[in-house]
Peer 1: 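Have a look at this one.
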Amino acid sequence: MTRTSLTDRYVWTVTRQLSPQTGPDVARELRGTIEETVEARVAEGEDPETAERETILGLGDPDVLAREYGGRPNHLIGPAYFPAWVRLVKLLLAVVVPLAVLGAVLAQAFATDAGPGAILGEASSIAFQVTVHLTFWTAVVFALVERYGSAPDRGQVVDTWSPDELADPADRARRASAAEMVTEVIFTVVLIALVVWQLRGAGEGSVQVLNPDLGIGWGALVVGPLALDVLVTVAAWARGGWSVPLAAAGIVSAVVPGSVLVWLLLTERLLTDLPRELDATFGWGTDWSISLPAVAVGIAVISGWEAVTAVRRLRDARRPGRTRH
């Protein structure tokens with residue numbers, strides 16, 4: 001058996017990836033191009049074998065050429081789909097990751113005996129895994145739609161752009177950035193983890209600040225609105241502004257936990273004997289006390305500030321043209 005020529009091998013590699021309808025025509029065209037170029041090189045005095053090799057080398061990778069002949073993209077996600085993919089990934093990461101982290105924190109806090117470090121470690125692991133899966137699988141979906149989807153399928157993924165989609169700088173100035181949203185969500189989730197950890201009992205070697213005998217009802221009145229605040233914050237960011245229901249929910253998430261904490265504090269049911277706890281852990285002594293009214297004022301100021309902010313958002317959401325609906 002004689003070895004197949006370099007030209008035959010190249011043409012076969014290109015056309016085997018094409019459909020039976022286009023393959024023979026491409027083979028004839030490609031073979032004719034190679035033969036003409038080789039003949040011209042030989043006429044100029046080049047060795048026939050070298051001329052054939054250099055000609056084929058100039059045509060490039062046969063897989064790339066086959067995709068060009070077949071009209072298939074040489075990229076994972078093309079320019080027409082890439083912006084839509086980026087927007088979708090940003091939205092999913094901003095909504096799904098905080099919710100997954102919140103769910104992991106609550107599950108670990110209520111269903112296990114893990115401390116705050118273990119809870120936050122598990123939450124970080126969940127956030128990483130969710131980020132990887134969201135990015136990967138959305139990219140796969142977009143790549144498949146671009147290559148094999150019908151025209152209606154593509155239209156559902158990539159909408160026709162309209163000038164109405166242009167953002168208003170005034171709205172953007174009032175909308176929190178992604179970094180601000182993520183920071184607020186992380187702070188609230190950490191606060192939830194600490195509260196649940198304390199209410200379940202901090203354990204040996206830790207300072208027990210909150211009374212672990214409060215009961216699940218009081219704990220739910222504190223943790224529930226904080227969890228609601230996470231959902232409201234993410235939802236407001238995702239929609240591009242505050243609506244009346246979201247702003248009203250923000251008021252609830254600010255007022256309820258603050259009111260509950262102040263009530264429990266003033267009725268001396270919120271805190272443990274903190275001087276004794278610190279003396280047992282660090283040897284600080286017990287000849288000092290905490291001013292409960294001063295702590296209550298601090299809680300009221302923080303909750304009041306959050307409530308005032310929520311009321312302003314409610315007022316702005318009711319004004320036409322102030323936020324995006």
Peer 1: Just checking, any donor-acceptor pair under 3.5 angstrom between side chains of Ser125 and Gln129?
Peer 2: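 There is such a pair (donor and acceptor under 3.5 Å, judged by atom type) between the side chains of Ser125 and Gln129.
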Peer 1: Which atoms form the tightest heavy-atom contact between Leu214 and Trp218, and what is the distance?
Peer 2: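 Taking every non-hydrogen atom into account, O-CD1, 3.2 Å.
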Peer 1: Partners of Val256 by side-chain contact (heavy atoms from CB on, under 4.5 Å), sequence neighbours excluded?
Peer 2: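 Pro225, Val252, Val260.
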Peer 1: Is Trp137 linked to Leu144 within one hydrophobic cluster, defined over Ile, Leu, Val, Met, Phe, Trp and Tyr using a side-chain heavy-atom separation of less than 4.5 Å?
Peer 2: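 They do share one cluster, since a chain of ILVMFWY contacts under 4.5 Å joins Trp137 to Leu144.
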Peer 1: Which heavy-atom pair separates Ala66 from Val14 by the least distance, and what is that distance?
Peer 2: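 Nearest heavy atoms, Ala66 then Val14: CB-O, 3.5 Å.
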Peer 1: Ignoring hydrogens, what is the shortest heavy-atom contact between Gly60 and Tyr10? Give both atom names and the distance.
Peer 2: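 Looking at all heavy atoms of both residues, the closest pair is O-OH, 2.8 Å.
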Peer 1: Would you say Leu266 and Leu271 are hydrophobically clustered, going by side-chain heavy atoms of ILVMFWY under 4.5 Å?
Peer 2: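 Leu266 and Leu271: one cluster.
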Peer 1: Can a donor-acceptor pair be found between the side chains of Glu52 and Thr7 at a distance below 3.5 Å?
Peer 2: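 Note: Glu52 and Thr7 side chains meet the donor-acceptor criterion.
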Peer 1: How far apart are the C-alpha atoms of Val295 and Val262, what are their side-chain angles, what is the distance that settles it, and do they pass the side-chain contact (heavy atoms from CB on, under 4.5 Å) test?
Peer 2: CA-CA 8 Å; Val295 176; Val262 169; over 6 Å; no
Peer 1: Taking atom CD as the centre, does Glu49 end up with more than 12 heavy-atom neighbours from other residues, nucleotides or ligands that are less than 6.0 angstrom away?
Peer 2: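 Open.
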Peer 1: To the closest 0.5 Å, what do you measure between CD1 (Ile302) and CH2 (Trp305)?
Peer 2: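 Rounded to the nearest 0.5 Å, the CD1-CH2 separation comes out at 12.0 Å.
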Peer 1: So, does Ser303 use its side chain to make a donor-acceptor pair with the main chain of Ala300 at under 3.5 Å?
Peer 2: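 Checked: no pair found.
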Peer 1: Quick one: do Trp263 and Leu270 satisfy side-chain contact (heavy atoms from CB on, under 4.5 Å)? Show the steps, please.
Peer 2: CA-CA 9 Å; Trp263 169 259; Leu270 179 63; over 6 Å; no
Peer 1: Any side-chain heavy atom of Ile299 within less than 4.5 Å of one from Pro257?
Peer 2: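 Contact flag for Ile299/Pro257 side chains = no.
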Peer 1: Hey, does Phe128 have a side-chain heavy atom less than 4.5 Å from the side chain of His133?
Peer 2: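 Side chain of His133 against side chain of Phe128, heavy atoms only: no contact under 4.5 Å found.
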Peer 1: Answer whether the closest heavy-atom distance between the side chains of Val230 and Val189 falls below 4.5 Å.
Peer 2: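 Counting from C-beta outward, Val230 and Val189 do come under 4.5 Å.
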Peer 1: Looking at side-chain heavy atoms only, is the closest gap between Arg31 and Asp8 below 4.5 Å?
Peer 2: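 Of all side-chain heavy-atom pairs linking Asp8 with Arg31, at least one is under 4.5 Å.
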Peer 1: Which heavy-atom pair separates Ala254 from Ala307 by the least distance, and what is that distance?
Peer 2: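 Minimum heavy-atom contact is CB-N, 3.7 Å.
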Peer 1: Check for a donor-acceptor pair, side chain of Gln208 on one end and backbone N or O of Leu210 on the other, with a separation under 3.5 Å.
Peer 2: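 Between the backbone of Leu210 and the side chain of Gln208 there is a qualifying donor-acceptor contact (under 3.5 Å).
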Peer 1: Nearest 0.5 Å, what's the OG1-CG distance between Thr233 and Leu246?
Peer 2: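 Going from OG1 on Thr233 over to CG on Leu246, the span is 9.5 Å.
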Peer 1: Within 45° of the axis and under 6.0 Å from the centre of the six-membered ring of Trp12, does NZ or CZ of Arg9 qualify?
Peer 2: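 The answer is no; the distance or angle limit is not met.
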Peer 1: Rounded at 0.5 Å granularity, tell me how far CD1 in Ile186 sits from CG in Leu191.
Peer 2: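 Going from the CD1 atom of Ile186 to the CG atom of Leu191 covers 13.5 Å.
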Peer 1: In this structure, are over 12 heavy atoms from other groups packed under 6.0 Å from Arg269 atom CZ?
Peer 2: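 Atom CZ in Arg269 is crowded, with more than 12 foreign heavy atoms closer than 6.0 Å.
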Peer 1: Hey, could you give me the OG1/CG distance between Thr15 and Leu30, rounded to the nearest 0.5 Å?
Peer 2: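 Those atoms lie 8.0 Å apart.
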Peer 1: Taking only residues two or more places apart in sequence or in another chain, which ones pass side-chain hydrogen bond (donor to acceptor under 3.5 Å, both in side chains) with Arg53?
Peer 2: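 If we apply the side-chain hydrogen bond (donor to acceptor under 3.5 Å, both in side chains) test to Arg53, skipping adjacent residues, there are no hits.
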Peer 1: Minimum heavy-atom separation for Pro48 to Val42, with atom names?
Peer 2: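 Reported closest heavy-atom pair: CA-CG2, 3.8 Å.
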Peer 1: Is the closest side-chain donor-acceptor distance between Asp25 and Thr22 under 3.5 Å?
Peer 2: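 No pair is found: no donor N or O on one side chain lies under 3.5 Å from an acceptor on the other.
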Peer 1: Would a single hydrophobic cluster contain both Val297 and Val255, if residues Ile, Leu, Val, Met, Phe, Trp and Tyr are joined by side-chain heavy-atom contacts under 4.5 Å?
Peer 2: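 Different clusters.
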Peer 1: About how many Å separate CG of Leu264 and OG of Ser259, when rounded to the nearest 0.5 Å?
Peer 2: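 If we round to the nearest 0.5 Å, Ser259:OG and Leu264:CG are 10.5 Å apart.
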Peer 1: side-chain contact (heavy atoms from CB on, under 4.5 Å) for Val38 and Arg41? Distances and angles first, verdict last.
Peer 2: CA-CA 5 Å; Val38 170; Arg41 285 176 172 269; 5.7 Å; no
Peer 1: Between CG of Asp273 and CG of Asn211, what distance do you get to the nearest 0.5 Å?
Peer 2: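 Spacing of CG (Asp273) from CG (Asn211) equals 11.5 Å.
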Peer 1: Has Thr138 got a side-chain atom pairing as donor or acceptor with Thr135's backbone, closer than 3.5 angstrom?
Peer 2: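 Here the side-chain-to-backbone pair exists.
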Peer 1: Apply the test side-chain contact (heavy atoms from CB on, under 4.5 Å) to residues Leu199 and Val195: give CA-CA distance (whole Å), side-chain angles for both, the deciding distance (0.1 Å), then the verdict.
Peer 2: CA-CA 6 Å; Leu199 292 180; Val195 170; 3.8 Å; yes
Peer 1: Where do Val11 and Ile34 come nearest, in terms of heavy atoms and distance?
Peer 2: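 Minimum heavy-atom separation between Val11 and Ile34: CG2-CD1, 4.3 Å.
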